[in-house]
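First comes the structure, then the notes that go with it.
Everything quoted here is computed from the prediction, not taken from an experiment.
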Amino acid sequence: MTTGDQEAGQQVVSADPRQRMGDYQTMAVNARMKVLAALAAVGLEPDEADELVCAMEAGAVAGAHCWVEELPGCAPDARGTAYGNGWDGAVDRALDVLVSTAESAYRQRERAHVTRSQLIGGEILRNRIATAERAAEVGPAGGEESDRER
């Protein structure tokens, strides 16, 4: 990611693929909270907000399903038939998992109610302040500062 990307408001994500997925999950939770807060601010009922957000999240998983759906038969020919059969079997399993994940995302409800109650009670702001304070206490090497370093 370039400095220009950071200046444009894009989040910085890890170079490590596993950590990057965690980064994307964190960004998704933050985005969901913002969307639910914005929908609450314009007076949309929590049930309607949940329906919209769940549909978007299920749709995102469905988009991933479309990409994976194109992978059967794409195994490298040089690896042989057994490898290709294993490849196609793994793709079928991944497609099953994505269908299940989309269905689960669509069925998740009540998050708008929880978000609204946290916003009203100021809990989200308190949690973010506490997180920022804890992060400020962590030294540059990622560990707690000792009393001698302070």
Inset, instruction - Output the rest of the hydrophobic cluster of Val42: all Ile, Leu, Val, Met, Phe, Trp and Tyr residues reachable through side-chain heavy-atom contacts under 4.5 Å, sorted by chain and number. - result: none
Legend entry - Co-members of the apolar cluster containing Val99 [side chain, <4.5 Å]: none
Inset, instruction - Calculate, to the nearest 0.5 Å, the distance between atoms CG and CZ belonging to Leu98 and Arg93 respectively. - result: 10.0 Å
Run the side-chain donor-acceptor check on residues 33-41: report pairs under 3.5 Å with partners two or more places apart or on a different chain.
none

Legend entry - Shortest non-hydrogen separation from Arg20 to Ala15 and the atoms involved: NH1-O, 2.9 Å
Got a list of side-chain donor-acceptor pairs under 3.5 Å for residues 52-80, not counting sequence neighbours?
| unit_1 | atom_1 | unit_2 | atom_2 | d |
| --- | --- | --- | --- | --- |
| Glu57 | OE1 | Arg111 | NH1 | 3.2 |
| Glu57 | OE1 | Arg111 | NH2 | 2.7 |
| Glu57 | OE2 | Arg32 | NE | 2.6 |
| Glu57 | OE2 | Arg32 | NH2 | 3.1 |

Legend entry - Between Glu51 and Tyr106: side-chain donor-acceptor atoms closer than 3.5 Å: yes
Inset, instruction - List for me each residue that meets side chain to side chain contact (heavy atoms under 4.5 Å, CB included) alongside Asp47, sequence neighbours excluded, and say none if there are none. - result: His113
Inset, instruction - Identify, with sequence neighbours excluded, every residue that meets side chain to side chain contact (heavy atoms under 4.5 Å, CB included) alongside Ser100. - result: none
